[in-house]
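Letters A, B, ... mirror the listed sequences (proteins, then strands); counts begin at 1. The basis for the numbers below is simple: all heavy atoms, side chains too, and nothing from hydrogens, waters or symmetry mates.
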Number of protein chains: 2
Amino acid sequence: MPNPRTNPNFMNGVPELLVLKLLAEREMYGYEVVQAVRRRTGETITLGEGVIYPVLHGLEREGALNSRRQTVNGRSRIYYSITAAGMRRLSDLTGSWTRLTMAIQDVVAGGKYVPTV
Amino acid sequence: MPNPRTNPNFMNGVPELLVLKLLAEREMYGYEVVQAVRRRTGETITLGEGVIYPVLHGLEREGALNSRRQTVNGRSRIYYSITAAGMRRLSDLTGSWTRLTMAIQDVVAGGKYVPTV
DNA sequence: CTTGCATACCTCGAACTGATTGGTATATAT
DNA sequence: ATATATACCAATCAGTTCGAGGTATGCAAG
């Protein structure tokens with residue numbers, strides 16, 4: 001019997017989740033997102049541009065984000081904002097992320113109270 | 001300037017964490033671990049034999065686990081138990097896992113209180 | 001004035017996990 | 001006799017993220 005495939009790539013999609021969440025709070029441009037991730041996670045997580053930009057492009061292609069171009073101080077920025085579809089996606093990702101970490105947390109925290117009874 | 005590489009493969013090592021934790025509670029054999037993961041996570045996470053066995057072998061090779069062979073009902077089982085080194089590894093993994101998920105949780109939960117000030 | 005650094009965008013291949021598939025073998029139930 | 005559950009294992013596939021590259025502008029320091 002093959003494996004019952006309940007969780008294809010169960011730990012992925014975290015960069016996507018973080019990007020969507022940050023853009024749900026306010027419009028940002030790519031380079032700004034890179035730094036926001038670092039700051040907001042207290043330097044715990046650093047996602048480089050090589051991670052953020054592809055995520056941004058992918059989400060836009062799926063219709064989860066809109067972009068608009070703007071030049072500031074001679075530098076061209078691309079501002080991204082979240083769409084209704086993006087909000088739905090964020091909601092889904094947040095749900096599965098929560099379920100997953102709680103399941104793991106249960107195991108990791110378990111065995112302390114030792115329900116040996 | 002290259003990316004500051006603070007988190008190489010930041011979301012990995014969860015299978016290893018789960019296996020170590022379960023074996024810290026009690027000695028188990030491979031096939032048993034596969035089912036224990038499913039049960040203990042409320043069917044949320046299913047790690048197939050193709051994931052568990054390599055993890056087991058790797059951990060043993062690193063000295064995090066000991067194994068002993070035993071035949072039960074004509075079937076050969078390999079029981080794994082955690083070593084002192086394994087306990088240290090578990091402690092490390094648990095720590096970084098906790099730090100990581102808390103950092104993400106902060107972002108995901110944030111933006112509600114809107115510290116716009 | 002040119003060297004360097006921060007900003008700002010981007011792509012592509014390497015590396016690493018974890019997923020899937022397939023294989024062996026025994027016991028038990030149908 | 002066949003199928004199912006137990007029990008082990010290896011090897012390749014697939015998907016993500018990482019890292020290193022590349023372009024270009026503005027500003028500050030020497």
Rounded to the nearest Å, what distance is computed from the CG atom of residue Leu18(B) to the P atom of nucleotide dT17(C)?
16 Å

Nearest-angstrom distance from the residue atom CZ of Arg61(A) to P of dT11(C):
11 Å

Can you tell which of dC9(C), dC18(D), dA7(D) lies closest to the side chain of Tyr29(A)?
dC9(C)

If I take atom CE from residue Met28(B) and atom OG from residue Ser81(B), how far apart are they, to the nearest 0.5 angstrom?
12.5 Å

Protein-nucleotide distance (Ile52(A), atom CD1; dT16(D), atom P), rounded to Å
15 Å

Tell me which of Gly13(A) and Tyr31(B) sits closer to the 5' end of DNA chain D, going by the nucleotide each one is nearest to.
Tyr31(B)

dC9(D) phosphate, OP1 or OP2, under 4.0 Å from Tyr53(B) side-chain N/O
no

Pairwise 5' ranking along DNA chain C for Val51(A) and Ser76(A), keeping only the more 5' one
Ser76(A)

If you look at every heavy atom in Leu23(A) and Ile82(A), which pair is closest and at what distance?
O-CG2, 3.9 Å

Considering only NZ, NE, NH1 and NH2 on the basic side and carboxylate oxygens on the acidic side, decide whether Glu32(A) and Arg39(A) come within less than 4.0 Å.
no

Separation of dC10(C) P from Arg69(A) CZ (nearest whole Å):
7 Å

Using a strict cut-off of less than 4.0 Å between a Lys/Arg side-chain nitrogen and an Asp/Glu carboxylate oxygen, indicate whether Glu16(B) and Lys21(B) qualify as a salt bridge.
no

I want to verify a distance call: between dC9(D), dA7(D), dC9(C), whose nearest atom is closest to the Arg75(B) side chain?
dA7(D)

Distance check needed: dC8(D) P versus Asn73(B) CG, whole Å only.
13 Å

Remember a base hit wins even if backbone is also touched, and classify Pro54(B) as base, sugar-phosphate or nothing at under 4.0 Å, heavy atoms.
nothing

Parallel, tilted or perpendicular for Tyr79(B) and Tyr29(B), by the 30°/60° rule?
perpendicular

Between dT16(D), dC9(D), dC10(C), which one does the side chain of Asn12(A) approach most closely?
dT16(D)

Separation of His57(A) atom NE2 from dA8(C) atom C1', in whole Å?
12 Å

Just how far, in rounded Å, is C1' of dT4(D) from CD of Gln35(B)?
14 Å

Using whole Å, report how far CZ of Arg68(B) lies from P of dA7(D).
14 Å

